[in-house]
Colleague: 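This is the structure, below, for whatever I ask next.
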Amino acid sequence: MAHSCHDHQSRLPVPQATVLALPQSSQPKDMRPRWTAVDSLLCGAFAGAVAKTVIAPLDRTKIIFQVSSKRFSAKEAFRLIYCTYVKDGLFSLWRGNSATMVRVMPYAAVQFCSHEQYKKLLGSYYGFQGKALPPFPRFLAGSMAGTTAAMLTYPLDMVRARMAVTAKEMYSNIMHVFVRISQEEGVKTLYRGFTPTILGVIPYAGITFFTYETLKKLHTEKTKRSQPYPYERLAFGACAGLIGQSASYPLDVVRRRMQTAGVTGSSYATILGTMREIVTQEGIIRGLYKGLSMNWLKGPIAVGISFTTFDITHSLLLKLHQTGYFTH
């Protein structure tokens, strides 16, 4: 018995060493999800803000043409930009950008963060934890992320559209838009165009994230490099934005018409009714696809910048965490 007790005591250091090692291996696992979510929120917000600020003048011009019956052309678009600059000054080209920032920063933050979470959830469900998802779950993760972000931030998108197409005398600031719409048109107006927005976001976000993730996966398989160079990320994001926005563009036109009906004097109430009126008055190509060429210019730029900024800043934050810069 004494010998047995001695043997048991001699083996104590082994489990003790094992117990001491557990907190070191478990602590990163406990901390990683929280940091990953925070990183994704911060990087997503920053990426969205940078991308939207860069293309704000083009975006505003596109919205103005979308909600009017004027025929779109590149020449007319740039003439509008120039006339706006001459009449109201350089910063007028960014009118409504404050509302865009208020909307796009939480939108992009929620979209990128939820995309990371949906990828983990679907990866676990389909048995691809820590690996690249198959095509359908890859598309589904993007669609769910876009839908989540759109549902949480839609009233801000409505406000931004109103500010983009009206003179500054009508709406002085973001809160003024909320107050006037609520008082004069009712709170429900803040969600006008919500359905076409969600119907458009599902293919747009799904195709965009799917295309970007697929191109990165193919790039890794071909080059054996785990991370693309920044200019390669820009190219992947540009392709993703071009395909995604082209697929969902008619619904983007419909939602803008419905959002701005209160200030343009139109009576767009339903998706099919709005589509029918646009096609009847302006035709399919010149109506439902009005401004698409402008989108082909600004869309790939915005999506490319957004994805690239997100990936680079996310990698930077992870490196800072690894070096202990954020440890308390």
Colleague: Mind checking whether V303 and Y204 have side chains closer than 4.5 Å, heavy atoms only?
Modeller: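 Yes - at least one pair of side-chain heavy atoms lies under 4.5 Å apart.
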Colleague: Hey, does F209 have a side-chain heavy atom less than 4.5 Å from the side chain of Q111?
Modeller: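 In short, these two side chains touch, coming nearer than 4.5 Å.
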Colleague: Would you check if there is a donor-acceptor pair between the side chains of D252 and Q245 at a distance under 3.5 Å?
Modeller: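 Short answer, no.
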Colleague: Just to verify, which of Y229, Y212, F236 counts as forming a ring pair (Phe, Tyr, Trp, His ring centres under 6.0 Å) with H219?
Modeller: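 Result: among Y229, Y212, F236, F236 is the only option passing the ring pair (Phe, Tyr, Trp, His ring centres under 6.0 Å) with H219.
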Colleague: By side-chain contact (heavy atoms from CB on, under 4.5 Å), which residues pair with K87, not counting sequence neighbours?
Modeller: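 With neighbours one apart ignored, the set is empty.
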Colleague: With under 30° as parallel and over 60° as perpendicular, where do the rings of F112 and F307 fit, or are they tilted in between?
Modeller: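 Perpendicular.
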Colleague: Residues in side-chain contact (heavy atoms from CB on, under 4.5 Å) with T313, at least two apart?
Modeller: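 For T313, the residues satisfying side-chain contact (heavy atoms from CB on, under 4.5 Å) (neighbours in sequence not counted) are C43, F46, T309.
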Colleague: Using a 4.5 Å cut-off on heavy atoms from C-beta on, say whether the side chain of K216 contacts that of R233.
Modeller: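 R233 reaches K216 side chain to side chain.
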Colleague: On a heavy-atom basis, which atom in A47 and which in S306 lie closest, and how many Å separate them?
Modeller: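 Minimum heavy-atom contact is CB-O, 3.3 Å.
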Colleague: Salt bridge between E221 and K217, side-chain N to carboxylate O under 4.0 Å?
Modeller: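 Here E221 pairs with K217 in a salt bridge, since their nearest N and O are under 4.0 Å apart.
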Colleague: May I ask you to decide whether E282 forms a salt bridge with R257, counting only side-chain N to carboxylate O separations under 4.0 Å?
Modeller: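 Salt bridge flag = yes for R257 with E282.
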Colleague: Among residues at least two apart in sequence or on other chains, which ones pass side-chain contact (heavy atoms from CB on, under 4.5 Å) with V177?
Modeller: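 Once residues adjacent in sequence are excluded, the partners of V177 under the side-chain contact (heavy atoms from CB on, under 4.5 Å) criterion are V159, R162, M163, Y171, I181.
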Colleague: Taking the side chain as every heavy atom from C-beta outward, state whether T61 and I64 have any atom pair closer than 4.5 Å.
Modeller: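 A side-chain contact under 4.5 Å is absent here.
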Colleague: Go through the structure and list residues passing side-chain contact (heavy atoms from CB on, under 4.5 Å) with I207, not counting sequence neighbours.
Modeller: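 Applying side-chain contact (heavy atoms from CB on, under 4.5 Å) to I207 gives F139, P203, T211, I243, A247.
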Colleague: What verdict does the side-chain hydrogen bond (donor to acceptor under 3.5 Å, both in side chains) test give for W296 and S246, after you've listed the backbone C-alpha separation in whole Å, the side-chain angles of each residue and the deciding distance to 0.1 Å?
Modeller: CA-CA 8 Å; W296 284 343; S246 298; 2.8 Å; yes
Colleague: For atom OH of Y289, decide whether the heavy atoms of other residues, nucleotides or ligands shown that lie under 6.0 angstrom number more than 12.
Modeller: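 Result for OH/Y289: open.
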Colleague: So among Y125, F210, Y126, which one has a side chain to side chain contact (heavy atoms under 4.5 Å, CB included) with P137?
Modeller: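 Among Y125, F210, Y126, the one meeting side chain to side chain contact (heavy atoms under 4.5 Å, CB included) with P137 is Y126.
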Colleague: Under a 4.5 Å cut-off applied to non-hydrogen side-chain atoms, are F178 and V187 in contact?
Modeller: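 Answer no - side chains too far apart.
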Colleague: Could you check if a side-chain atom of P106 sits within less than 4.5 angstrom of a side-chain atom of L152, using non-hydrogen atoms only?
Modeller: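 SC-SC contact between P106 and L152 ruled out.
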Colleague: Just wondering, do L156 and V104 contact through their side chains at under 4.5 Å, heavy atoms?
Modeller: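 Contact flag for V104/L156 side chains = no.
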Colleague: For R255, run the side-chain hydrogen bond (donor to acceptor under 3.5 Å, both in side chains) check against T260, D157, T274 and tell me which one passes.
Modeller: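 Among T260, D157, T274, the one meeting side-chain hydrogen bond (donor to acceptor under 3.5 Å, both in side chains) with R255 is D157.
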Colleague: Flag yes if more than 12 heavy atoms outside L218 fall under 6.0 Å of its CG atom; otherwise flag no.
Modeller: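 Buried by this count: over 12 neighbours within 6.0 Å.
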Colleague: Under the salt bridge (charged side-chain N to carboxylate O under 4.0 Å, His left out) definition, can you give me all pairs with a residue in residues 203-215, not counting sequence neighbours?
Modeller: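 Matches after skipping sequence neighbours: K119-E213.
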Colleague: Atom CE of residue position M151 - does it have more than 12 heavy atoms of other residues, nucleotides or ligands inside 6.0 Å?
Modeller: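 No, because the 6.0 Å sphere around CE of M151 holds 12 heavy atoms or fewer from other groups.
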Colleague: Once salt bridge (Lys or Arg N to Asp or Glu O under 4.0 Å) is applied, do any residues pair with R79, and if so which ones, sequence neighbours excluded?
Modeller: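 Expected list: E76.
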Colleague: Please state whether the rings of Y191 and F194 are parallel, tilted or perpendicular, taking 30° and 60° as the class boundaries.
Modeller: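 Perpendicular: the ring planes of Y191 and F194 meet at over 60°.
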Colleague: If hydrophobic clusters are built by linking Ile, Leu, Val, Met, Phe, Trp and Tyr wherever their side-chain heavy atoms come under 4.5 Å apart, do F65 and L297 end up in the same one?
Modeller: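 Linked within one cluster.
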Colleague: Taking L140 as the starting point, is it possible to reach L199 by hopping between hydrophobic residues whose side chains are less than 4.5 Å apart?
Modeller: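 No.
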Colleague: Can you give me the closest heavy-atom contact between W94 and T53, atom names plus distance?
Modeller: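 That would be NE1-O, 3.0 Å.
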